[in-house]
Amino acid sequence: MTLRIDSSTFDVPFEWYIYHLPPGISTTQSDFSNLAELLQSCADLSRIRLPKKFQDYEQKAITYPERKYIGAPKSVLECLDVTDYLVLKDREAAIRPSEIRGGPIDALIVFATQASGSLLYQEAFLSTYRTFTSSHDLLQKLTHRYVYMALSSEPASQKAARLTFSVIVRVVDELCTVEINKELVAIVTNFVYRLIRDGNFQLARLLRTRLIERIESSAVVRQPTVYMDRLKKGETLLDFRSATIAQQLTLLDQRLFQAIEPAELLWWAEAQDEKRCPNLVAFTEQFNKMSYWVRTVVLTPKEHKERERYMNKFVKIMKQLRRLGNFNAYLAILSALDSGPVRRLEWGKMATEQLKEHAVIMDSSGSFKIYRTALVETAPPCIPYVGLVLQDLTFVHVGNVNYLHAEAVKGRTDLLNFGKRWQQFAILDSIRKLKRWNYSFTRDDRIIAAFKCFTSLTEDETWELSEMIKPRQRRNP
Amino acid sequence: MRRFWSWLKINVFWVFDLCCPSEKSDLNSKDTDVESTMSAGGKKSTTATPNAASLVHKVIMVGSGGVGKSALTLQFMYDEFVEEYEPTKADSYRKKVVLDGEECSIDILDTAGQEDYSAIRDNYYRSGEGFICVFSITDADSFDATNEFREQILRVKNNDTSVPIVLVGNKGDLADSRVISLAQAQARAEQWNAHYVETSAKTHNNVDRVFYDLMREIKRRKVGFVPSNSTNPERGEKKKKGLKKACTII
């Protein structure tokens, strides 16, 4: 059942977040299933409408509005409506989210707080703002806007303040572990004090609670301890059913997958900075570990018969993983069974044929069309192969300019290319959706103990082992 | 249980889809290319694909993260200005080119971003006919890593040292922060019996050269292995090759 977006879907009042969104949940319930369609129209850059107004000076980060003489020019952050600053698709109809093509950073920030904006734009903004500003700076600007808007008792201004507040709550809710530092906490707590001073106890308490919850829940996810003694003596992987093994592998993967923050994916595509992406790194490590572990388990037995038994077992487990929609573990095992050291040895007809059948999923032609189709056709819950997500985000990052080309926008160089952000959002949104699903298996420590913490040989060692089993034939050039 | 059946249905369709003729034409042409490199006899390749336009050269970009691989790929794929680049589109990494007067296609596999998924590399490399091994002249670690990448390629290719590889030092525009000297890089290329080219994805310097050089070498290997069938242009190509060992300084 697909949910199409019509205007009634995205005009959810922003206040909704404050009262209806459980704390710590960084997702909305809306499903942008026709996102691709919306983005289509965005790709066509032939006709754009240029801003009617331009920002005159570089906006400095101001914590609170200064006292200004009456009639002083307002900054963009203090405008009720910033639509005129934005680059839109050239159409006179009412603004639709995909029509935002770009604009100065501050205008894009304010537009995310405007009722005339849309939920879809707001989502795209909140998912991607880290590519052009930091959470720290964003919070500084949003609190500035709130305080300014709250000063006036006019209904329009009051409404703007409320909407801004709800965005602040969203930003705080979705802060990443690496972003939570002294300076950032200071901005939020100062703002909380300000709210208290103004008598807004309810809002103050709400924001404070959310911040504390965020700080407490932001520890990096580690796999729980494995109790090796649960395994009976002499018990091995072969003693368990392939389906249950696949379920346990999937449970382990799910924990790590759900811990990945969308921002980590963006940061990785930009700079591959391991420190900023701890959960992503842990998930990738698990993929490699599992793959090398499978090679080790298959190659280690001295007897050919025993090796064959493990080979066949893993083929079965792999098939179960595919059935469960766990593409991460599926590809990890497939890459192991299809790796140089393993595939060069002789295996039974069954294993060889099935392996060949499954290996097409890694075919890279048509930009990994086979894999992409398989993923789309798999009903959730499923765990995607995140490597390809990182590749897509890397290419979106490198292949699209950050700022609109000056020649297209009257020589301005400060207009951010929001088309790039729409693309990033489309990718992140698909991950966000998959993260919401849960597998309903129960953890079985006995089976997990049989994984032996995925202890494995190095790549070189597996090659050595493989060449010991079957010496390499010398090539005659 | 129900889920299982729906899954089965999807899978059956999926497999069916693969076998359906409309899809197959593309896969087919690729298969024959791979075969032609595999079978050293190679007679089949010249008879099966007389039309050079259907010839696809499969190139794989390797190198550490952050050396500008993806920028090189994009520069080559879209030399003119692209407004909006969508990597998920099916034709994103294939381009028709004219190589020495003959039409052919290049298929580039650039898994930039996936570098840390080291376990899956083997599987990607296997389909490659030629490799572009990139490092940044401003990053010594990335230069060190090139040896490992080459080793891995050779291992997958059954230690066939004649696999076409081009060593590429990128970020030539950042000469001020250079840490890998031209001589160092040249020495390594010589050791590998490969070419060394310095590029700048930023200024588009030498980018096309890298890809065309490699394609020529791949083509020579594909077609040139047939002694009786080799055509004249191919021989001329071989002569040229000898001269091209020299490196390019930007």
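All of these numbers come straight from a predicted model, not from anything done at the bench. Just so we're on the same page: letters track the sequence lines, and every chain starts at 1.
- You'll find the side chain of A/Tyr385 reaches within 4.5 Å of the side chain of B/Ile120, heavy atoms only.
- A donor and an acceptor atom, one from each side chain of B/Lys58 and A/Ser365, are nowhere located under 3.5 Å apart.
- The backbone N or O of A/Trp463 lies less than 3.5 Å from no partner atom in the side chain of B/Arg155, so there is not a single donor-acceptor pair.
- Contacts between residues 143-152 of chain B and chain A, counted as heavy-atom pairs separated by less than 4.5 Å, involve B/Gln152.
- For chain B, the nearby parts of A/Val386 are the backbone and the side chain; heavy atoms of each come within less than 4.5 Å.
- In terms of non-hydrogen atom pairs under 4.5 Å with chain A, the most contact-rich of B/Gly68, B/Gly65, B/Ser118 is B/Ser118.
- Contact detail for A/Phe368 and B/Leu109: the closest heavy-atom pair is CZ-CD1, 3.9 Å.
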Check against side-chain contact (heavy atoms from CB on, under 4.5 Å), B/Asp116 and A/Glu285: CA-CA 8 Å; B/Asp116 277 19; A/Glu285 255 171 31; over 6 Å; no

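- For B/Tyr93 against A/Ser367, the heavy-atom pair with the smallest separation is CE1-OG, 3.5 Å.
- With a 4.5 angstrom heavy-atom cutoff, B/Tyr125 does not touch chain A via any of its atoms.
- The two residues B/Pro87 and A/Gln423 come nearest to each other via the heavy atoms CD-OE1, 3.7 Å.
- Taking non-hydrogen atoms and a 4.5 Å limit, the residue list of residues 265-272 of chain A in contact with chain B, ordered by number, reads A/Trp268, A/Gln272.
- Each of A/Val401, A/Asn400, A/Val398 was compared with B/Tyr85 under the side chain to side chain contact (heavy atoms under 4.5 Å, CB included) criterion, and only A/Asn400 meets it.
- Taking OG of A/Ser364 as the start and CG of B/Asn123 as the end, the distance is 11.0 Å to the nearest 0.5 Å.
- In the displayed structure, A/Arg241 atom CZ is contacted under 6.0 Å by at most 12 heavy atoms of other residues, nucleotides or ligands.
- Atom OG in A/Ser339 sits 13.5 Å away from atom CZ in B/Arg121 (nearest 0.5 Å).
- Around the NZ atom of A/Lys356, the shell of radius 6.0 Å holds no more than 12 heavy atoms that belong to other residues, nucleotides or ligands.
- Residues A/Arg343 and B/Asp122 are not paired through a salt bridge, judged by the lack of any N-O separation under 4.0 Å between the basic side chain and the carboxylate.
- Listed by chain and residue number, A/Phe257 satisfy the ring pair (Phe, Tyr, Trp, His ring centres under 6.0 Å) test with A/Phe283 (two or more places apart in sequence, or in another chain).
- Heavy-atom contacts from other residues, nucleotides or ligands closer than 6.0 Å to CD of B/Glu190 number 12 or fewer.
- Taking non-hydrogen atoms and a 4.5 Å limit, the residue list of residues 387-397 of chain A in contact with chain B, ordered by number, reads A/Gly387, A/Leu388, A/Leu390, A/Gln391, A/Asp392, A/Thr394, A/Phe395, A/Val396.
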